[in-house]
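So the structure is just underneath, and the comments pick up after that.
Numbers here are sequence positions counted from 1.
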Amino acid sequence: MSTRGAGKVVRVTGASGYIASWLAKLLLQRGYTVKATVRDPNDPKKTEHFFAFDGAKERLHLFKANLLEEGSFDSAVAGCEGVFHTASPLLLSATDLQAELIDPAVKGTINVLRSCAKVPSVKRVILTSSMVAVTYNGKPLTLDVVVDETWFSDALFCEKLKSWYMVSKTLAEEAAWRFAKENEIDLVSINPGFVIGPFLQPTLNFTTEEILKLINGDQTFPNSFYRFVDIRDVANAHIQALEVPSATGRYCLVETVIHCSEVMKLLHKLYPTLCHPGK
């Protein structure tokens, strides 16, 4: 076990999620004390897996928090050196888009940052954003174009596409940078692509579910590209964003760009007896 985080306290929001679970595991391995916020600390489906992590018994503390409740994160932030804000709903459809998707993403981010602004011990906040907050702005993606951290998605363009998750992540990151600047918060944003790899929580996450659909009977596969990145690289990047003093701004995380047809070839090789969509 690394002792880099020995004696240091950090906070992870949305801790029962895919990225946050790996982040909590690796932070504990590095010696950090982790304050993890979840909506319901008494739900074993959301919290039971934490206690298999090395160091969890001694250095993992669960807190109840609600993204839409101002001040909900105050107690969890107290005494923390770093704050990782990963909590954000990942819904592709919703009955009430504003209440279920946009507000938790945008207002939730501001509520977390507002709590951080009250605490002098917080040296840096790491925001889990997404590549969907980077690439969707209507600019042509020709072979000579390089997409980097200077790109920002356009919320109005995403609205025209009816891509509401993209809207929520774009607005949330915009709000985060604006609030951080106004309140002199040292903010670093991590923008991963399509995150894949082993999962620690007992429930399916969105990205794993999307791949599972291709294995379990979808009749067709999308004519699109995936920007893949390994979950362990994503969690480590968050930790580096805290530990490396020179870290600043936004970091796009994409390891491989691959068309879905190539994904289908890999799945067929791995699971030749299963029925896979052929078109």
Side-chain angles (χ1 to χ4, degrees), residues 1-38 49-56 58-61 80-88 90 109 112 116 122-135 147-149 169 172-173 176 180 185-201 205-208 211 226-258:
M1 182 186 78
S2 168
T3 57
R4 182 74 181 262
K8 298 178 180 178
V9 183
V10 294
R11 203 275 309 273
V12 178
T13 72
S16 59
Y18 184 37
I19 293 174
S21 291
W22 268 101
L23 180 55
K25 177 184 173 75
L26 297 184
L27 285 166
L28 288 167
Q29 284 181 358
R30 294 173 79 84
Y32 287 94
T33 294
V34 178
K35 290 183 171 184
T37 58
V38 292
H49 63 287
F50 291 135
F51 297 99
F53 300 163
D54 291 341
E58 301 81 17
R59 291 179 281 105
L60 177 70
H61 307 283
C80 289
E81 180 173 314
V83 172
F84 299 91
H85 178 44
T86 76
S88 186
L90 205 175
T109 296
V112 170
C116 294
V122 175
K123 295 180 180 177
R124 181 169 287 172
V125 179
I126 294 86
L127 171 70
T128 307
S129 187
S130 170
M131 283 300 294
V132 302
V134 176
T135 56
V147 177
D148 62 17
E149 68 279 357
K169 295 301 285 187
E173 193 182 336
I185 293 173
D186 184 359
L187 180 70
V188 176
S189 172
I190 303 295
N191 297 66
F194 197 102
V195 185
I196 58 172
F199 53 100
L200 302 171
Q201 77 282 9
N205 61 291
F206 168 77
T207 49
T208 305
I211 299 299
Y226 290 120
R227 305 176 186 93
F228 284 135
V229 61
D230 189 285
I231 179 64
R232 290 154 292 195
D233 290 333
V234 174
N236 274 310
H238 280 73
I239 296 172
Q240 291 295 296
L242 175 67
E243 293 183 347
V244 177
S246 60
T248 185
R250 310 166 88 209
Y251 292 91
C252 299
L253 303 185
V254 177
E255 193 275 328
T256 297
V257 178
I258 185 173

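Shown here for Phe50 and Ala56, the closest heavy-atom pair between the two residues is O-CB, 3.3 Å. Annotation for Tyr18 and Ile196: closest pair OH-C, 3.1 Å, computed over non-hydrogen atoms.
Among residues two or more places apart in sequence or in another chain, the side-chain hydrogen bond (donor to acceptor under 3.5 Å, both in side chains) test is passed with Thr128 by His238. Asp186 pairs by the salt bridge (charged side-chain N to carboxylate O under 4.0 Å, His left out) definition with Arg124, not counting sequence neighbours. By the side chain to side chain contact (heavy atoms under 4.5 Å, CB included) test, Val254 is found to be paired with Met131, Arg227, Val257, residues two or more places apart in sequence or in another chain being considered. For Phe228, the ring pair (Phe, Tyr, Trp, His ring centres under 6.0 Å) partners at least two apart in sequence or on another chain are Phe194, Tyr226.
Counting only residues at least two apart or in different chains, side chain to side chain donor-acceptor pair (under 3.5 Å) contacts with residues 243-254 comprise Arg30-Glu243, Tyr32-Glu243, Glu173-Arg250. Residue pairs meeting the side chain to side chain donor-acceptor pair (under 3.5 Å) criterion with at least one member in residues 5-14, sequence neighbours excluded, are Thr13-His85.
Between atom NZ of residue Lys123 and atom CD of residue Glu81 there is a gap of 4.0 Å, rounded to the nearest 0.5 Å. Interatomic distance, Ile239 CD1 to Leu23 CG, rounded to the nearest 0.5 Å: 5.5 Å. The distance from atom OG of Ser88 to atom NZ of Lys169, rounded to the nearest 0.5 Å, is 4.0 Å. Here Thr37 contributes atom OG1 and Phe84 contributes atom CZ; the two are 12.5 Å apart, rounded to the nearest 0.5 Å.
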Discussion item. Apply side-chain contact (heavy atoms from CB on, under 4.5 Å) to residues Asp233 and Leu253 and explain how you reach the verdict.
Written reply: CA-CA 8 Å; Asp233 290 333; Leu253 303 185; over 6 Å; no

Practice prompt. Could you walk me through whether Asn191 and Glu149 pass side-chain contact (heavy atoms from CB on, under 4.5 Å), step by step?
Written response: CA-CA 9 Å; Asn191 297 66; Glu149 68 279 357; over 6 Å; no

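Put simply, the side chain of Trp22 never gets that close to the backbone of Asn236: no donor and acceptor are under 3.5 Å apart.
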